[in-house]
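Structure first, then comments.
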Protein chains: 2
Amino acid sequence: MASRPMADTAARILDVAERLVQVQGFNAFSYADVAAEVQIRKASLHHHFPTKAALGQALIARYRARFSRALAEIHVGTSDARARLKAYARLYTGVLRKRRMCLCGVLAADFETLPGPMRQGVLAFFSDNEAWLAGVLEEGRRGKTLQFQGPASTLAAFVVSSLEGAMLVARSYGRVERFEAVVKKLLGDLQR
Amino acid sequence: MASRPMADTAARILDVAERLVQVQGFNAFSYADVAAEVQIRKASLHHHFPTKAALGQALIARYRARFSRALAEIHVGTSDARARLKAYARLYTGVLRKRRMCLCGVLAADFETLPGPMRQGVLAFFSDNEAWLAGVLEEGRRGKTLQFQGPASTLAAFVVSSLEGAMLVARSYGRVERFEAVVKKLLGDLQR
DNA sequence: GTCTATAACGAGATAGAC
DNA sequence: GTCTATCTCGTTATAGAC
């Protein structure tokens, strides 16, 4: 097939909208903002995503899929649990360096105003992450590279919410180091 | 002087607006929402708080002051560091039980869209909390009721962001127990 | 698929009477 | 201090031409 000088329009819309949501929140960005950046009219946006709720759902679905791929890649690129946890934390650091919040973390703040399908997607994102983390944690405990007590799933929930909170606060201060200190503490407590 | 029934109109406005922000976020609530609940016209709201930014600043100022009083009361009502930390966590649990997010936690999600004075207030809230916590943590370490390594201020920052994140995620799931599990883990790790 | 044009509504905010 | 009335602007969304 011939090369397409135009990147897929829907994908460009999602790229811009994703950043706007991560920076401003779901209720603070508008179709007009997206249209201006994508250099298209507002009406054309509605052709790709009929409603804001549909756009929101698409954003979450894509974010979850991308995160799942990243988690799978961690399993390929690393061999022990500690390295996997570090790589996991690096995913968050990368987002924060762009002065963005985790998409689903910021949507959690808007949670009560979201349509049902978006809510479900946000919770599914957290559950995805916790399931993956619980696997890595359990693996580390069995291999004696990590130490902790109680269910791995409980610890996984703790890690996810601590990282989300650390992103939230560190971004406000504009200090990525604040986030990195939290990561260090979390990892440190796992080898005691 | 005579009792002033007018004086508490401002307070009633703040009560309603505070709840709306905590539940919906700063950009999702409107003067119309507040007016309807307070049973007053929108125009009258502007008499008390000329702009939404001014209302936001007043919300933060009052929230900070109330929190400071609560922290001072913890010092009166408890005698050791562990009890103080538990009482501190209970402040958050009380908010979460009402299906609300911490006011400043939710404003942190909206941070990039906030006017300067509101941003400063949000950061000051976090700093207030961390300063208080650092004092309690250091006190506990000296009295051997708490164990941890490194600066108390770093640990205080960790605790604040973990609690904010735990509230954020637990509220989305509608599970206060999720938050309580995080509190238990944080406290448990401090006596090891 | 993108456009112009516009509908329909709600937002924050103001003027001025009472 | 509260009201009615209004302004101006931005919002999501739709109709229909090209």
Side-chain angles (χ1 to χ4, degrees), chain A residues 1-21 23-60 106-107 110 112-119, chain B residues 1-21 23-60 106-107 110 112-119:
Chain A
M1 350 167 199
S3 68
R4 289 147 304 169
M6 290 280 194
D8 183 38
T9 303
R12 290 197 300 137
I13 292 167
L14 289 172
D15 287 342
V16 170
E18 179 177 276
R19 192 188 71 246
L20 289 174
V21 174
V23 173
Q24 304 184 337
F26 191 70
N27 295 309
F29 94 100
S30 73
Y31 267 48
D33 298 332
V34 179
E37 283 206 55
V38 178
Q39 304 207 70
I40 203 177
R41 301 295 144 187
K42 280 188 292 174
S44 306
L45 288 186
H46 284 281
H47 171 76
H48 297 277
F49 303 98
T51 65
K52 202 182 178 184
L55 175 54
Q57 275 182 253
L59 284 174
I60 296 168
V106 82
L107 291 177
D110 296 326
E112 300 295 326
T113 71
L114 300 180
M118 286 186 67
R119 293 189 187 194
Chain B
M1 15 187 168
S3 68
R4 292 148 303 173
M6 73 76 164
D8 69 1
T9 299
R12 289 197 302 137
I13 292 167
L14 289 172
D15 287 343
V16 170
E18 180 177 276
R19 192 188 71 248
L20 289 174
V21 174
V23 173
Q24 304 184 337
F26 191 70
N27 294 310
F29 94 100
S30 73
Y31 267 47
D33 298 332
V34 178
E37 284 206 54
V38 178
Q39 304 207 72
I40 203 178
R41 300 296 147 190
K42 276 192 298 173
S44 306
L45 287 187
H46 284 281
H47 170 76
H48 297 278
F49 303 99
T51 66
K52 201 181 180 186
L55 174 56
Q57 276 182 253
L59 285 174
I60 296 168
V106 82
L107 291 177
D110 297 326
E112 300 294 326
T113 71
L114 300 180
M118 286 186 67
R119 292 189 188 193

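Every chain is numbered from 1, with letters handed out A, B, ... down the list of sequences. Just so you know, these numbers come straight off a predicted model, no measurement behind them.
- Contact annotation: A/Thr9 does not reach the phosphate of C/dG1 (side-chain N/O to OP1 or OP2, under 4.0 Å).
- Counting to the nearest Å, the C1' atom of D/dG1 and the CG atom of B/Asp8 are 13 Å from each other.
- Between the CG atom of B/Asn27 and the CD atom of A/Gln24 there is a distance of 8.5 Å, given to the nearest 0.5 Å.
- Atom-to-atom distance recorded for B/Gln57:CD and B/Lys52:NZ is 14.0 Å, nearest 0.5 angstrom.
- Between B/Leu45 atom CG and D/dT2 atom C1' the separation is 11 Å, expressed in whole Å.
- Using five terminal pairs a side, the axes of the helix from C/dG1-D/dC18 to C/dC18-D/dG1 at its two ends make an angle of 0°, given in steps of 10 degrees.
- Atoms CG and CG, from A/Leu114 and A/Leu107 in turn, are 5.5 Å apart once rounded to the nearest 0.5 Å.
- For B/Val34, the side-chain contact (heavy atoms from CB on, under 4.5 Å) criterion is met by B/Ile13, B/Val16, B/Ala17, B/Leu20, B/Phe29, B/Val38, B/Leu45, not counting sequence neighbours.
- Look at A/Ser44 and you won't find any side-chain N or O under 4.0 angstrom from OP1 or OP2 of C/dG1.
- Note: B/Ile40 CD1 to B/His48 NE2 = 5.0 Å, rounded to the nearest 0.5 Å.
- Contact annotation: A/His47 does not reach the phosphate of C/dT2 (side-chain N/O to OP1 or OP2, under 4.0 Å).
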B/Leu55 vs B/Leu14, side-chain contact (heavy atoms from CB on, under 4.5 Å): CA-CA, chis, key distance, verdict: CA-CA 8 Å; B/Leu55 174 56; B/Leu14 289 172; 3.8 Å; yes

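- Per the geometry, CZ belonging to A/Phe49 stands 15 Å off P belonging to D/dT12, to the nearest Å.
- By the ring-ring contact (aromatic ring centres under 6.0 Å, His included) test, B/Phe49 is found to be paired with no residue, residues two or more places apart in sequence or in another chain being considered.
- Under the rule for a side-chain contact (heavy atoms from CB on, under 4.5 Å), the partners of B/Ala54 that lie at least two apart in sequence or sit in another chain are B/Pro50, B/Thr51.
- Applying the side chain to side chain donor-acceptor pair (under 3.5 Å) test to pairs two or more places apart or on separate chains, those with a residue in residues 31-42 of chain A are A/Arg19-A/Glu37, A/Ser30-A/Asp33.
- Atom CZ in B/Arg41 sits about 10 Å away from atom C1' in D/dT2, given to the nearest Å.
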Using a cutoff of under 3.5 Å, can you pull out all pairs of nitrogen or oxygen atoms linking the protein to nucleotides 15-18 of chain C, with atom names and distances?
none

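- Contacts of A/Pro115 classified as side-chain contact (heavy atoms from CB on, under 4.5 Å), with partners at least two apart in sequence or in another chain: A/Ala53, A/Pro117, A/Met118.
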Protein-to-nucleotide contact annotation, 5' to 3' order, nucleotides 7-12 of chain C [B base; S sugar-phosphate only; - none; under 4.0 Å, heavy atom]: ----SB

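- Residues that satisfy the side chain to side chain donor-acceptor pair (under 3.5 Å) test with A/Glu112, not counting sequence neighbours, are B/Arg99.
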